[in-house]
Amino acid sequence: MTCFVCLDIISGPAYICETCLDFVLHKSCAELPPEIRRDAFHPHPLRFTVGNLIVCDQCAILQACLISYSCMYCMFNLDFKCAMAISNYYKLPTHEALQKRRQIKTTIHHFSHNHQLTRSKFSCLTKEEKNGFQRLWGQEKFKCKACKQKLHDTQIYTCIPCRFVIHESCVNEMPRQVLQSPFHSQHILFPRPIPKGPSYTCSACKEEVKGIGFYCNQCDVTVHVSCAKYQTRAIKHDCHPHQLLHLGKSILSKISCNACHKDCDNSFFGCIKCDFYIHVECIPLPPRVEHRRHLHPLVLKNSFVEDDSGDYYCDMCETERNPEHRIYFCEECTYIAHIDCVHPKVKPAEEMFLDQRTKKNSDKAEIIDKMMELEEILVHNGKVSFNLYNT
Ligand SMILES: [Zn+2]
Ligand SMILES: [Zn+2]
Ligand SMILES: [Zn+2]
Ligand SMILES: [Zn+2]
Ligand SMILES: [Zn+2]
Ligand SMILES: [Zn+2]
Ligand SMILES: [Zn+2]
Ligand SMILES: [Zn+2]
């Protein structure tokens, strides 16, 4: 049996509810003071509070407290265990101890949120703790607002009233702008807090953006932080008139291939505007190719992670690659290459744009030539002349 207040196993004298029989309290927990006064620790009295989400000012842990002690006048909270330690601590905490505490619980202002964020730790050990936490946190998902990943045993920043949480690392690594997001390459995207109320749909993954997003103020386009930073390549292939992006399940899931109608898994090509998605194999791409840049045949392979460095490169073009994406691979040499670096039918889309640009320029040159010819004829005939502006 565990104590309803401190959740520790009952031992020694305890109180039990005769009707419920499963409501038990340690004698010491049942006799908790309604108020703690430790002027040297905190200048105001701390009141007994039931059911509260706090970042404890002593241990800096974000937690759902059945019992906590909270200041009526300022935002000062202690979880049950820390409150008991202080309440039973008759000597004054040393100056160093207080300094140390201040270093742990700090607040910052960050452009990802409109309110002050509190730095804290989060770690739920048992299932009951997790459930208790989720009950108080509410239906808002307890996930990092930037990377959408779970938060566990890491340093986080939180704004409890807004149910806003974000990894400390995501705060530190958040760019001030995204220059050429694959999902909105024409303009710069800027981070901004997403106001509550109207819902914003991510232009990349079509899911709702909450908390913070990257925004184009010219087009009213919003994308998730993780989507804005998604590492991908734009390619061109005969199977679709527009450029295709190499995508993976961290961007889109539960979609099906336009060719074989089976689910698209980890690695596929897609045109989000047209809702066109196709497996790499359904394009179709050969499972095995020879390439002049590599001695051995290259094999089409599922995502491959050679180490845990977090940085992955294509050995052919020596630019970054997304470990989520399918690649051409030589096992003998651990040689890895982008699909569009190996297969001639899959062209990098940038090259396509380049082709179009040079084509446009040559078209223009042709027109200018024609006009000059025309001008010559006109001048020659002595009737009329006009100035040609080389725009
Ligand atoms: Zn604490
Ligand atoms: Zn994160
Ligand atoms: Zn807030
Ligand atoms: Zn998204
Ligand atoms: Zn735009
Ligand atoms: Zn398919
Ligand atoms: Zn399209
Ligand atoms: Zn490459």
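First listed ligand is number 1; within each ligand, the first listed atom is number 1. Position 1 is the first residue of the sequence, and the numbers go up from there.
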*Pick one: which of His325, His246, His279 meets ring pair (Phe, Tyr, Trp, His ring centres under 6.0 Å) with Phe269?*
His246
*What angle sits at the Zn ion (ligand 4) between SG of Cys205 and SG of Cys227, to 10°?*
110°
*About how large, to 10 degrees, is the angle SG of Cys159, then the Zn ion (ligand 3), then SG of Cys162?*
110°
*Atom nearest to the Zn ion (ligand 4) - His224, N, O or S atoms considered*: ND1
*Could you go through the side chain to side chain donor-acceptor pair (under 3.5 Å) check for Thr201 and Glu207 one step at a time?*
CA-CA 6 Å; Thr201 307; Glu207 276 175 38; over 6 Å; no
*Measure from NZ or CZ of Arg192 to the centre of the six-membered ring of Tyr200, then state whether that distance is under 6.0 Å and the direction lies within 45° of the axis.*
yes
*When you measure from the Zn ion (ligand 2) to each N, O or S atom of His167, which atom gives the shortest distance?*
ND1
*Angle subtended at the Zn ion (ligand 2) by SG of Cys144 and SG of Cys170, nearest 10°*: 120°
*Which of these, Ser226, Pro182, Cys202, Cys227, sits in a side-chain contact (heavy atoms from CB on, under 4.5 Å) with Ile251?*
Cys227
*His115: which N/O/S atom is nearest the Zn ion (ligand 3)?*
ND1
*Between Asp340 and Arg233, does at least one N-O distance fall below 4.0 Å, as a salt bridge requires?*
yes
